[in-house]
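Below you'll find the structure, written out as structure tokens, and then a few comments.
If you're wondering where the values come from, they're calculated on a predicted model, not measured in any experiment.
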Amino acid sequence: GIRDKLVTGVQTCALPISRAGGPLGSLRGHTGAVKAVAWLSEGDARPAGGGARAVTASKDHTLRTWQLAAAPAGGGTPGSWAADCAAVCVGHTDGVETVSASPSMPLFCSGGWDTTLLVWRADGGEAPAAPQPKRAKKAAQAAPPLQLEPVARLSGHTDVVSSVVRSEEHTSELQSL
């Protein structure tokens, strides 16, 4: 399942998807270092399923939502994953350091060097059905990802917002550092 996979952000613009046996794929699109990642939904990550969704935060001032799915049999390296960027979230004016999401909640939050917390709709960037591996895609270019704006902007910090946590019990409660 999706929880068996690890998505990690390191000081690169590509986000590797891996498990104990090694890399399975990567998420490419950010132009700055990826600082944080969170799962938006676990979904059904099998090739015929709807896929899982994740969100990444970057120094390039954006967040990106991703539709993830296991590559179908014969569609690339066995066990590999395909990923499509569903949406680019714009609204931060400096690097984004943190993102908090939960598959059980309709909103996710981000914070960064612009000292603001931004709230986004998790369902605002739905991708089409599960993505196909690069080799299986037709020559036609895919539609560009949606561009999303925040639904709320929270201010009050005087320095970088380095961490944000949402309460599972109190869905309207945020804690930030």
Side-chain angles (χ1 to χ4, degrees), residues 1-20 24-45 50-68 81 83-127 145-177:
I2 195 71
R3 293 283 183 194
D4 299 341
K5 312 304 180 267
L6 176 64
V7 179
T8 57
V10 292
Q11 296 293 319
T12 66
C13 299
L15 192 70
I17 303 170
S18 59
R19 63 175 175 212
L24 300 173
S26 63
L27 309 179
R28 297 187 184 278
H30 283 293
T31 58
V34 175
K35 299 297 290 183
V37 61
W39 292 110
L40 292 174
S41 71
E42 293 186 36
D44 183 351
R53 293 180 60 234
V55 59
T56 54
S58 172
K59 283 188 171 183
D60 67 8
H61 307 188
T62 69
L63 294 98
R64 288 179 178 255
T65 63
W66 303 89
Q67 188 77 23
L68 305 159
W81 283 63
D84 283 331
C85 180
V88 178
C89 305
V90 295
H92 281 285
T93 59
D94 207 338
V96 187
E97 284 290 307
T98 184
V99 63
S100 178
S102 170
S104 65
M105 295 182 200
L107 302 173
F108 64 95
C109 306
S110 61
W113 286 95
D114 59 5
T115 71
T116 62
L117 282 167
L118 299 184
V119 180
W120 311 87
R121 287 197 56 81
D123 60 358
E126 291 291 339
L146 296 174
Q147 184 169 311
L148 301 180
E149 295 185 8
V151 296
R153 180 178 301 271
L154 308 173
S155 58
H157 282 274
T158 57
D159 204 351
V160 61
V161 178
S162 58
S163 180
V164 61
V165 178
R166 299 222 22 216
S167 170
E168 289 289 332
E169 291 180 28
H170 307 285
T171 58
S172 62
E173 184 177 300
L174 291 172
Q175 297 175 357
S176 59
L177 300 172

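Note that CG of L107 is 11.0 Å distant from OG of S100, once rounded to the nearest 0.5 Å. Note that the CG atom of L117 and the OG atom of S110 stand 7.5 Å from one another [nearest 0.5 Å]. Atom CG of L118 and atom CG of L63 lie 8.0 Å apart (nearest 0.5 Å). Here CG of D84 is found 9.0 Å from CG of L68. Values are rounded to the nearest 0.5 Å. Between atom OG of residue S163 and atom CD of residue E97 there is a gap of 10.5 Å, rounded to the nearest 0.5 Å. Annotation: the span from K59 atom NZ to D94 atom CG amounts to 10.0 Å, rounded to 0.5 Å.
Taking every heavy atom of both residues into account, A57 and V96 meet most closely at CB-CG1, 3.5 Å. Closest heavy-atom contact between W39 and A101: O-CB, 3.7 Å. Of all heavy-atom pairs spanning Q147 and V90, the tightest one is NE2-CG2, 3.3 Å. Of all heavy-atom pairs between R121 and V151, the closest is CG-CG1, 3.6 Å. When every heavy atom of F108 is checked against every heavy atom of C89, the shortest pair comes out as CZ-SG, 4.0 Å. Across every non-hydrogen atom of E149 and W120, the tightest pair is C-CZ3, 3.4 Å.
The side-chain hydrogen bond (donor to acceptor under 3.5 Å, both in side chains) check on T116 picks up D114, with sequence neighbours excluded.
For the pair R153 (side chain) and G91 (backbone), a donor-acceptor distance under 3.5 Å is present. When atom types are taken as modelled, the side chain of R64 and the backbone of S58 share no donor-acceptor pair closer than 3.5 angstrom.
Here the side chains of C109 and V119 are in contact, with some heavy-atom distance below 4.5 Å. H30 has its side chain within reach of T62: a pair of non-hydrogen atoms, C-beta onward, lies under 4.5 Å apart.
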